[in-house]
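See below for the structure under consideration.
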Amino acid sequence: MQPANSMVPQSMAAPPQQQYQQQPQQHWMAQQQPAAYQVPQQQSAYYYQQQQQQQQQPQYNAAAASAQPTSSDEIRSLWIGDLQFWMDEPYIQNCFAHTGEVASVKVIRNKQSGQSEGYGFVEFISHAAAERNLQTYNGSMMPNSEQPFRLNWASLGSGEKRSDNGPEYTIFVGDLAADVTDYMLQETFRANYPSVKGAKVVTDRVTGRTKGYGFVKFADESEQLHAMTEMNGKFCSTRPMRIGHAANKKSVPGQVQG
DNA sequence: TTTGAGCGG
């Protein structure tokens, strides 16, 4: 006589967050407009973009999805990172479910432990759909978590490179408030420095919380240099930023860096 | 919390 219901594998136990799959409504995915962080001028462009995307609610068309052999050299998969251990395929699927454009989801797991490696792949029905979702969700908050989506083209797998734009110049940004996301950080700089290629707020893998610092990448070296002095002490969200130089984590052998 | 890390089958 063994109580059968006592067998709940710890590693697969329910997330600490609640049962995301039982959410009655699907629009908890509605994108969160960034809070009151300061984006000087280009705010309107950004909001315009967001609204455009909200208006054209894509509809899933199964016929179109399968009937289009298309130029199959197009990437339809996105890489998704910063996943917490409880973020499994159903969860991720749910994140994009209402778009009706997800073809498949895969979380990469450790062969031995079965634990998530913290990243995965989301395949969409088309390149356009993938791009749309990338634009829409990257940087917005993931449901039932305190961290934003981290999405990118799944470029390595297909051997295709996403636009490689040459060298990049990175700065370190510290003193970030807890609510600062990649996107906020990026836009804060991009408003003044158009060559900004991206920004990353470093988060704790376990808790998903920000560590209070991040990095901003520039394509233009002079903009990087200007930003380091001009943006130091400027506010992002509720706190002034502290800017420093970014220590290179990577060094390519045989390549000289200035 | 103050110098990350992110590509499978």
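Convention: sequence-line order gives letters A, B, ...; per-chain numbering from 1.
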Problem set entry | A:Y119 aromatic ring stacked with six-membered ring of B:dG6, 5.5 Å and 30° |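 Base of B:dG6: not stacked against A:Y119.
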Problem set entry | Along DNA chain B (nearest heavy atom to each residue), the more 5'-positioned of A:T203 and A:G174 |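 This one resolves to A:G174.
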Exercise. Want to settle it: does A:G118 or A:E123 sit nearer the 5' end of DNA chain B, counting the closest nucleotide to each?
Worked result: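 On the 5' side of the pair lies A:G118.
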Problem set entry | Intermediate values then yes/no, ring pair (Phe, Tyr, Trp, His ring centres under 6.0 Å), A:Y183 and A:F149 | CA-CA 10 Å; A:Y183 194 78; A:F149 280 99; over 10 Å; no
[X] side chain, from C-beta outward: closest of [options]:
X      : options             : result
A:F215 : B:dG4, B:dC7, B:dG8 : B:dG4
A:K106 : B:dG4, B:dG9, B:dC7 : B:dG9
A:A154 : B:dC7, B:dG6, B:dT1 : B:dC7
A:A246 : B:dG6, B:dC7, B:dT3 : B:dT3

Exercise. Does the salt bridge (charged side-chain N to carboxylate O under 4.0 Å, His left out) test come out yes or no for A:R109 and A:E117, once each step is laid out?
Worked result: CA-CA 5 Å; A:R109 292 191 173 79; A:E117 293 281 7; over 6 Å; no
How many Å lie between [atom1] on [X] and [atom2] on [N], as a whole number?
X      : N     : atom1 : atom2 : value
A:D182 : B:dA5 : CG    : P     : 13 Å
A:L83  : B:dG6 : CG    : P     : 11 Å
A:H245 : B:dG4 : NE2   : P     : 12 Å
A:K211 : B:dT1 : NZ    : P     : 12 Å
A:R205 : B:dG6 : CZ    : C1'   : 10 Å
A:D179 : B:dT1 : CG    : P     : 14 Å
A:Q147 : B:dG4 : CD    : P     : 18 Å

Exercise. Under the rule syn = chi within 90° of 0, otherwise anti, which is B:dG6?
Worked result: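 Judged by the O4'-C1' to base torsion, B:dG6 sits in anti, the angle falling more than 90° away from 0.
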Exercise. Which residues satisfy the side chain to side chain contact (heavy atoms under 4.5 Å, CB included) test with A:S195, sequence neighbours excluded?
Worked result: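 Side chain to side chain contact (heavy atoms under 4.5 Å, CB included) check on A:S195 returns A:F218, A:A219, A:D220, A:E223.
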Problem set entry | Under the side chain to side chain donor-acceptor pair (under 3.5 Å) test, residues paired with A:N138 that sit two or more places apart |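 A:N138 satisfies side chain to side chain donor-acceptor pair (under 3.5 Å) with no residue once adjacent residues are dropped.
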Problem set entry | Phosphate-side-chain proximity, A:K217 and B:dG4, N/O vs OP1/OP2 below 4.0 Å |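 Negative; the distance criterion is not met.
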For this session: Would you classify A:T170 as touching base, sugar-phosphate or nothing, given that sugar-phosphate means primed atoms plus P, OP1 and OP2, and contacts are heavy atoms under 4.0 Å?
Result: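 Base, at least one base heavy atom under 4.0 Å.
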Exercise. Do NZ/NE/NH1/NH2 and the carboxylate oxygens of A:K106 and A:E89 come within less than 4.0 Å?
Worked result: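 The answer is no: the pair does not qualify as a salt bridge.
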